[in-house]
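It should be emphasised that the depicted structure is a prediction, and the values quoted were computed from it without experimental measurement. Numbering starts at 1 and runs along the sequence shown.
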Amino acid sequence: MEDEGEESNNRMSTNPAARIASGSSWKYATNFKRDLMAGAIMGGVVHTIVAPIERAKLLLQTQHSNFAILTGKHPKFKGMFDCIFRTVRDEGFLSLWRDGMSLKGRIIGKDLPIFTLARLDLYRDVLKNDDDGPPIMSGTAANFFAGAAAGCSTLVLVYPLDIAHTRLAADIGKADARQFRGIYHFMTSVYRVEGLHGLYRGLPASFHGMVVHRGIYFGGFDTIKEILTKESNLELALWKRWVAAQVVTTTAGLLSYPFDTVRRRMMMQSGLEKPMYNDTLDCWKTIYRTEGFPSFYRGAVSNMFRSTGAAAILVLYDEVRKFMHWSRDSSKT
């Protein structure tokens with residue numbers, strides 16, 4: 001009987017599916033709340049700092065589908081600094097943080113570092129399964145799929161807040177001239193016209209971009225950290241992690257930016273009786289045919305400045321966890 005028990009345990013240790021079914025691999029989920037709090041701290045601080053650049057990027061990215069600009073009420077923006085200057089002049093300094101309530105909601109999810117970072121650790125640990133035998137997936141592939149899965153699964157939950165963030169940030173003018181009075185007014189207005197579908201408009205394009213961006217953003221950073229740490233056999237210096245994070249963040253942002261432009265344009269159609277684009281593919285075709293390829297990268301310079309904040313999240317997230325004595329090494333001991 002003892003031999004049969006040992007044989008059963010051996011089979012379970014070499015069978016990833018059996019380990020998952022037994023629940024042994026899910027022990028990593030116990031750290032989820034701790035990772036959530038670490039992500040919350042970094043996400044709240046960093047996103048508040050870069051919010052003005054984020055709004056400038058969204059205004060530039062969506063101005064060709066912004067009816068306040070298309071109807072001639074507001075002239076087009078010439079660039080990031082022109083956008084920020086005119087926004088402050090016409091709407092006041094605090095308007096750079098106009099979408100604050102929806103942004104606070106989004107911080108709980110996608111750019112979204114809180115849930116995404118916490119889920120990333122969960123997915124990666126389950127895939128690599130460091131303590132329970134052979135991994136389900138290892139190396140760069142595990143890092144990439146963990147990052148993509150963390151981003152996509154979180155996106156579904158917080159997408160209505162993400163679309164509200166985009167629409168409120170792109171809503172130009174003072175209070176009496178704006179289309180929406182706030183996040184609740186936006187959601188109820190869109191739901192009245194299109195139903196739940198309107199709050200998820202642009203989701204397919206968002207999935208496409210999320211796989212590319214989050215896969216590279218999280219997977220690339222973790223892979224570089226692992227490679228450099230193995231070479232030095234020491235913990236990677238903060239400045240090296242910062243450089244790696246900045247390179248990965250900029251690369252991920254540039255490669256996924258056309259997808260982000262398309263999804264933002266699709267978001268701008270939410271709640272309209274006569275949308276400019278029929279679907280995601282039609283949006284790609286229309287932008288390329290009427291505006292040219294460079295329009296897919298409109299606002300990309302602002303996004304590169306903003307990426308400094310995203311790089312800070314990657315680096316300082318680990319530091320916050322260490323400060324709180326919640327790193328993996330300390331949890332093992």
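Between Arg265 and Asp260 no salt bridge is recorded (no basic side-chain N to carboxylate O distance below 4.0 Å).
For Phe207, the CZ atom counts as densely surrounded, since its 6.0 Å shell holds more than 12 non-hydrogen atoms of other residues, nucleotides or ligands.
Smallest separation of non-hydrogen atoms from Ala170 and Thr62: CB-OG1, 3.7 Å. Among all heavy-atom pairs drawn from Gly299 and Lys57, the shortest one is O-CG, 3.7 Å. Closest non-hydrogen pair, Ser256 versus Val212, comes out as CB-CG1, 4.0 Å. Nearest heavy atoms, Ser189 versus Phe180: CB-CE2, 4.1 Å. Minimum heavy-atom separation, Cys152 to Val211: SG-CG2, 3.8 Å. When all heavy atoms of Gly92 and Ser95 are compared, the closest pair comes out as O-OG, 2.5 Å.
Under the 4.5 Å side-chain criterion, counting only non-hydrogen atoms from C-beta, Asn278 is not in contact with Thr286. With a 4.5 Å cut-off on side-chain heavy atoms, Asn303 and Ser307 do not count as touching. The closest side-chain heavy-atom distance from Phe81 to Val301 is not below 4.5 Å.
Rounded to the nearest 0.5 angstrom, Met266 CE and Thr261 OG1 are separated by 13.5 Å. One finds the CZ atom of Arg306 at 11.5 Å from the OG1 atom of Thr250 (value rounded to the nearest 0.5 Å). Taking CG of Asp90 as the start and NE2 of His74 as the end, the distance is 7.5 Å to the nearest 0.5 Å. Here CG of Leu60 is found 5.0 Å from SG of Cys83. Values are rounded to the nearest 0.5 Å. With rounding to the nearest 0.5 Å, the separation of CG in Leu58 from CG in Asn66 is 11.0 Å. How far CG of Asp82 is from CE of Met80: 11.0 Å, rounded to the nearest 0.5 Å.
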Derivation of the side chain to side chain contact (heavy atoms under 4.5 Å, CB included) call for Ile224 and Val248: CA-CA 9 Å; Ile224 292 175; Val248 166; 3.5 Å; yes
Derivation and outcome, side chain to side chain contact (heavy atoms under 4.5 Å, CB included), residues Arg86 and Glu91: CA-CA 8 Å; Arg86 282 172 48 189; Glu91 305 173 28; over 6 Å; no
Leu203 vs Leu155, side chain to side chain contact (heavy atoms under 4.5 Å, CB included): CA-CA, chis, key distance, verdict: CA-CA 9 Å; Leu203 185 61; Leu155 179 66; 4.1 Å; yes
Stepwise side chain to side chain contact (heavy atoms under 4.5 Å, CB included) test for Met276 and Phe67: CA-CA 10 Å; Met276 293 176 61; Phe67 279 91; 4.3 Å; yes
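Using cut-offs of 30° and 60° for the angle between ring planes, the Tyr159 and Tyr200 rings count as parallel. Relative orientation of the Phe296 and Tyr288 rings is parallel, given thresholds of 30° and 60° on the angle between their planes.
Using modelled atom types and a 3.5 Å distance limit, the side chains of Glu54 and His165 yield a donor-acceptor pair. In the model, Arg263 has a side-chain atom that pairs as donor or acceptor with a side-chain atom of Ser206 under 3.5 Å.
A donor-acceptor distance shorter than 3.5 angstrom exists from the side chain of Gln63 to the backbone of Phe77, with no hydrogens or angles considered. Remark: the backbone N or O of Met267 is not paired with any side-chain donor or acceptor of Ser270 at under 3.5 angstrom. Between the side chain of Ser295 and the backbone N or O of Glu291, no donor-acceptor pair lies under 3.5 Å. Put simply, the side chain of Thr154 never gets that close to the backbone of Gly151: no donor and acceptor are under 3.5 Å apart. The main-chain N or O of Arg298 is never found under 3.5 Å from a side-chain atom of Gln61 such that the two would form a donor-acceptor pair. Distance alone, capped at 3.5 Å, is enough to place a donor-acceptor pair between the Arg55 side chain and the Ala169 backbone. Using a distance-only test at 3.5 Å, with no hydrogens or angles considered, no donor-acceptor pair links the side chain of Asp171 to the main chain of Arg178.
There is a path of hydrophobic side-chain contacts, each under 4.5 Å, that joins Leu168 to Val190. Under the 4.5 Å side-chain heavy-atom criterion for Ile, Leu, Val, Met, Phe, Trp and Tyr, Tyr184 and Leu161 are members of distinct hydrophobic clusters. Cluster annotation: Phe221 is connected to Leu228 through the hydrophobic network of ILVMFWY side chains, with a link wherever side-chain heavy atoms come within less than 4.5 Å. Put simply, Val247 and Met304 are part of two different groups of oily side chains (I, L, V, M, F, W, Y) that touch within less than 4.5 Å, one to the next. By the rule that hydrophobic residues join a cluster once side-chain heavy atoms approach within less than 4.5 Å of another member, Leu70 and Val262 end up as members of one cluster.
Between Trp284 and Tyr277, the distance from one ring center to the other does not fall under 6.0 angstrom.
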